[in-house]
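Here the structure comes first, spelled out in structure tokens, and everything after it is commentary.
By convention in this document, chain letters (A, B, ...) are assigned in the order of the sequence lines, proteins followed by strands, and residues within each chain are numbered from 1.
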There are 2 protein chains.
Amino acid sequence: MEQETHLTESQPASPGTLRPGGRTAKVRRAVLDATQDALADTGFHALNMDRIAATAGVGKTTVYRRWGSPVGLVTDLLHDMAEQSLPASDTGSLAGDLRTNAELVRATLTDARMGAVFRAVIAAAACDEDCARALADFYRTRLGEWAPVVAKGEARGEIPAGTDPTELLRAVSAPLYYRFAVTREEVTADVAERAVTAALAAARDGVFIRA
Amino acid sequence: MEQETHLTESQPASPGTLRPGGRTAKVRRAVLDATQDALADTGFHALNMDRIAATAGVGKTTVYRRWGSPVGLVTDLLHDMAEQSLPASDTGSLAGDLRTNAELVRATLTDARMGAVFRAVIAAAACDEDCARALADFYRTRLGEWAPVVAKGEARGEIPAGTDPTELLRAVSAPLYYRFAVTREEVTADVAERAVTAALAAARDGVFIRA
DNA sequence: ATCTTAACGGAACCAGCCTCCCATTAAGGA
DNA sequence: TCCTTAATGGGAGGCTGGTTCCGTTAAGAT
């Protein structure tokens, strides 16, 4: 993505950075929307720069210049998704908050559109290092947003002091994503509920105490 | 993969089934080996039928005819991997067996060659339904092989009666695969150990009792 | 308002992937 | 052993996806 570390010849450093105003932003929005549509529709393997350009109503040269390849599109989409993340819940109990979290994850993965997008993103990350980094960042952000929920639970004495917040959150998400991406089993509400109960039981046993 | 349900015109039903003898088998072996090499080397996105044919020392027409596409290759590789699965361990304690299992998974995912293969397989499954089914079958098989370990633990009274064996096993694997495929964090021995402890704590609490 | 030039867009060009055709090889049965 | 035909293999040709060229549009500065 980033290049031209020392731009001696006044080379344009990655299009869109010097003049991010009106048109450029509009183009990005249109392209990313088209990308999401395409992923939801036909999946990552069928992601095609030409089609994206056409449905976005944008010159295909622009798409190639700014994103370079299908993985480039997905990577940028991921950055975009990381920016617009929603805040965590606050039900008053850790169990309740975690349940909300798990249900949110489940709803996302189960949703036809979002499920397809996440599938595509995971596939793209498996193919490309840049994309993998973007995906890692995305989840670092997401986990960071929910960490306070665990801290509050700890303050209320619902789990032992010293519990690693993100570790507990990972334990909640893991069974859902595992089924979604790896074993391809259905992610039911039951699964989500059990993930919360199991993670909480382990947390109370002090399994997630920071080393 | 399978087609020609009613072969009225004596169409050859998927090449390799009527004459699976010497040459055909040799070709399959060579192609699957080449596929694994390629995946370990350059990953799924760069998987190229022509190159596979060349390195396998096989006509490229053959590769296209029998496997059709990169996902087809990965799907068959997966079937091949499912066939040659190794038996579960028996250390005498459930904790020990689960630890062995987790360590085995970790070693596989961490191994440069096998890690790349699994990454590719997950990516391919995200792109193609046939491949997804093959992947699901693979894990169904694997989980089935380890289920007795849990049953024995239950018999020894290490976990409550009625515990769902595969559910417990999934809980052990999930955190490892979640990091490997989704958040792309490093899968350390520490992570594996914690996965076992957490799963076991939940199991003892009766979280995985069959509904 | 005017100017500079970043960014976009159309179209021709190039290359690598896939398909088809037909000759060749060797399984499996008599 | 011989015969039938499943399966393989080389090569030509077409198509689709990706690249390059250059003219056009409009963002941001004066």
Rounding to a whole Å, what distance do you find between [X]:[atom1] and [N]:[atom2]?
| X | N | atom1 | atom2 | value |
| --- | --- | --- | --- | --- |
| B:K60 | D:dG11 | NZ | P | 10 Å |
| B:H45 | C:dC17 | NE2 | C1' | 16 Å |
| A:Y64 | C:dA11 | OH | P | 16 Å |
| A:K26 | D:dA26 | NZ | P | 11 Å |
| B:I52 | D:dG9 | CD1 | C1' | 17 Å |
| B:W67 | C:dC18 | CH2 | C1' | 17 Å |
| A:D50 | D:dG17 | CG | P | 6 Å |
| B:R66 | C:dC18 | CZ | P | 18 Å |

Can a salt bridge be assigned to the pair [X] and [Y] using a cut-off of 4.0 Å between side-chain N and carboxylate O?
| X | Y | value |
| --- | --- | --- |
| A:R184 | B:E129 | yes |
| A:R133 | A:D137 | no |
| A:E167 | A:R210 | no |
| B:D76 | B:R66 | no |

Between [N] and [X], is there an OP1 or OP2 to side-chain N/O distance shorter than 4.0 Å?
| X | N | result |
| --- | --- | --- |
| A:T24 | C:dA7 | no |
| B:T61 | D:dT8 | no |
| B:N48 | C:dG16 | no |
| A:R65 | C:dA6 | no |

(request) Could you please name the option among D:dT8, C:dC18, D:dG18 that lies closest to any side-chain atom of B:V27? (result)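 Comparing D:dT8, C:dC18, D:dG18 against the side chain of B:V27, the answer is D:dT8.
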